[in-house]
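A short write-up of the structure that comes next.
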Number of protein chains: 2
Amino acid sequence: MELRRLRYFVAVAEARSVGKAAERLRMAQPPLSVQIRKLEAEIGAPLFRRGTRGMDLTAAGQALLVRAGEALALAADGVEAARAVAAGRRGRISVGYMFVLANAMLPRLIPELRRSIPGVDLEFAELSASTREARLLDRSVTVALCMPAIHHPEIQVARIGAQPFMLAMPIRSPLARLGAVPMAKLQGRPLIALPPPEQDPASSAVAALLRRHQVVMPVASRVETVHSAMSLVLAGEGLAIVPACAQLGAPRGIVFRALRDATDSIDIAVCWRRDTHSPLIRTFLKCAERVVARL
Amino acid sequence: MELRRLRYFVAVAEARSVGKAAERLRMAQPPLSVQIRKLEAEIGAPLFRRGTRGMDLTAAGQALLVRAGEALALAADGVEAARAVAAGRRGRISVGYMFVLANAMLPRLIPELRRSIPGVDLEFAELSASTREARLLDRSVTVALCMPAIHHPEIQVARIGAQPFMLAMPIRSPLARLGAVPMAKLQGRPLIALPPPEQDPASSAVAALLRRHQVVMPVASRVETVHSAMSLVLAGEGLAIVPACAQLGAPRGIVFRALRDATDSIDIAVCWRRDTHSPLIRTFLKCAERVVARL
DNA sequence: CATTGGCATACCGAAAACGTATGGGTTGAC
DNA sequence: GTCAACCCATACGTTTTCGGTATGCCAATG
């Protein structure tokens, strides 16, 4: 069965006449007549009663008409759906983000996305540094919000901003009295560290910062997330060096201070598979850039 | 859009490979490859990612796949439905019947039909003699159960049985003591008549019966249905001459007697439009014949 | 009896699809 | 590192299908 036949059939059924239907289809009457007869041969039963005043559906024709109309609509809908997805008007985008960025970005990013791509389903997943890369590669997330970027030959990176490092400490810490903390003051103080560099590249940025200023901070604890780090800082276990955006959503009782004479910052980036060519990614990127610009 | 393309597309999507799909479709690989690319050109977007190990659906391809599968199923279903209707395995049959036959036939006819044509929707409508013909001609009923048959050039008739006329009277009528009533005894007695012959051909059969025996019965009342006639007989307004099957469902207090030396009977027939070629009509006819044979 | 309206058939040219042969890129083995 | 294997893409000739024109047949109409 071919859709052309069904289209012709529906046209003839609606016009109740081969001639009228041929006119509407902008074709000659004889080939249309032939196609209708071929359709009847294919079904194995007459679909029309031929009268002297046109054509009239038989019961079998009526049964076919309903399904034929639906099938035509579905095929057209399928084409339109595929085009809409390809154009980024519809579809689905799954975003992997890291915990630190959630409070700073999501409340602005989500409405921005809904406004820009209203027909698109959004999904968000908080993912650790190591799983973000795997989930990008197996396509279970479309894009990842990273700090810093993921480096991998299959993964494309777009830097959308940067965050300076800041020192997080309990409000009653002596350092809290300073406006900005000189690096030298960190010497020997206990550090609440994130997972080692091979699991979380943010750690290596912190390590490089300390090394460059020749500061040694003993690692008091290693934690998985910035949220956990804040808890330990609040408990007086040590200090944490975290991106500035961690201030948003940090518990009361913790204060943040800039690190004087440290201009280090950590990149915020959007990452996605190179072979994912969805226009949704460009749109997502634009939205994320706008949000980061207002941080 | 043509279904061939969609079939090929679904095959390639499921096989995740042009070569494998071509094998399953029993065709060569290159033309399949060409068709897929033509489909992509028609959509205006790639539907597959070409890897070194086969083909993989893009998001747009996934959107199309769902609808394509449904459209294919619907088209196949439409063909099957049309064939089933043409073969009488499915469909709808609308039966116009007359009131007198209802009690005698329907309780047996309906189960018989449900058993013979389980996939077919049944509809029953009690119709007067005049409307039965009109409803057959405008196809709002498929067949009619008639007594006697409808005569019309467009209408086909199949006689399935006959009913002798009987006399209906109140139980206390003096005639009720006789086993069979001689025609002569009817002379001068009041008759409860049905509509005149031009509206109800059954009346003319009764009139012919009386005329042949040279019996005159004054018309006490004219009523529309046998049911009404029974009520008037019960009320003592007169006698009624009705087909024997009217006994079923007649009210208590009415008795029926054969008419001695009157062999007249009235045909029971199934009528339908000549140009209605549904096999359901043959099946209906067989069922009705079986039911009438057991009356 | 001629005319009109509507569908069916015949034939021809055009378009689409299929098959065979072949090219090109990547993977994996020796 | 070369070679074979695998898989998709392209090219070209052949066949099938489709659409257009011309025409025939039938019934209804005046």
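Residue numbers start from 1 in every chain, and the chains themselves are labelled A, B, ... in the order their sequence lines are given, proteins ahead of strands.
For B:S204, there are no side chain to side chain donor-acceptor pair (under 3.5 Å) partners at least two apart in sequence or on another chain. A:D121 is linked by a side chain to side chain contact (heavy atoms under 4.5 Å, CB included) to A:R92, counting only residues two or more places apart in sequence or in another chain. For A:E133, the side chain to side chain contact (heavy atoms under 4.5 Å, CB included) partners are A:L137, A:I150, A:H152, A:I155, not counting sequence neighbours. Every residue meeting the side chain to side chain contact (heavy atoms under 4.5 Å, CB included) condition with A:P195, not counting sequence neighbours, appears here in chain and number order: A:Q199, A:D200, A:E224. For A:R16, the side chain to side chain contact (heavy atoms under 4.5 Å, CB included) partners are A:D56, not counting sequence neighbours. Residues satisfying the side chain to side chain donor-acceptor pair (under 3.5 Å) test with A:R4, not counting sequence neighbours, are none.
Shown for residues 50-60 of chain B: residues whose heavy atoms fall under 4.0 angstrom of DNA chain C, namely B:T52, B:R53.
Sorted by first and then second residue, the ring pair (Phe, Tyr, Trp, His ring centres under 6.0 Å) pairs involving residues 36-61 of chain A (not counting sequence neighbours) are A:F9-A:F48.
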For nucleotides 15-18 of chain C, tabulate all protein N/O to nucleotide N/O atom pairs closer than 3.5 Å, reporting atom names and distance.
{"from": "C:dA17", "atom 1": "OP1", "to": "B:R5", "atom 2": "NH2", "distance (Å)": "3.3"}
{"from": "C:dA17", "atom 1": "OP2", "to": "B:R5", "atom 2": "NH2", "distance (Å)": "3.3"}
{"from": "C:dA17", "atom 1": "OP2", "to": "B:K38", "atom 2": "NZ", "distance (Å)": "3.0"}
{"from": "C:dA17", "atom 1": "O5'", "to": "B:Q35", "atom 2": "NE2", "distance (Å)": "3.4"}
{"from": "C:dC18", "atom 1": "OP1", "to": "B:Y8", "atom 2": "OH", "distance (Å)": "2.4"}

Detail all sub-3.5 Å separations between protein N/O atoms and N/O atoms belonging to nucleotides 12-16 of chain D.
none

Check: residues 17-39 of chain A side-chain donor-acceptor pairs under 3.5 Å, at least two apart:
{"from": "A:S17", "atom 1": "OG", "to": "A:G19", "atom 2": "N", "distance (Å)": "3.3"}
{"from": "A:S17", "atom 1": "OG", "to": "A:K20", "atom 2": "N", "distance (Å)": "3.0"}
{"from": "A:Q35", "atom 1": "OE1", "to": "A:R5", "atom 2": "NE", "distance (Å)": "2.7"}

Residues 71-87 of chain A, side-chain donor-acceptor partners within the protein, below 3.5 Å, at least two apart:
{"from": "A:D77", "atom 1": "OD2", "to": "B:R67", "atom 2": "NE", "distance (Å)": "3.2"}
{"from": "A:E80", "atom 1": "OE2", "to": "A:R89", "atom 2": "NH2", "distance (Å)": "2.9"}
{"from": "A:R83", "atom 1": "NE", "to": "B:I43", "atom 2": "O", "distance (Å)": "2.9"}
{"from": "A:R83", "atom 1": "NH2", "to": "B:E42", "atom 2": "O", "distance (Å)": "2.7"}

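Atoms CG (A:L25) and P (D:dG20) sit 10 Å apart, rounded to a whole Å.
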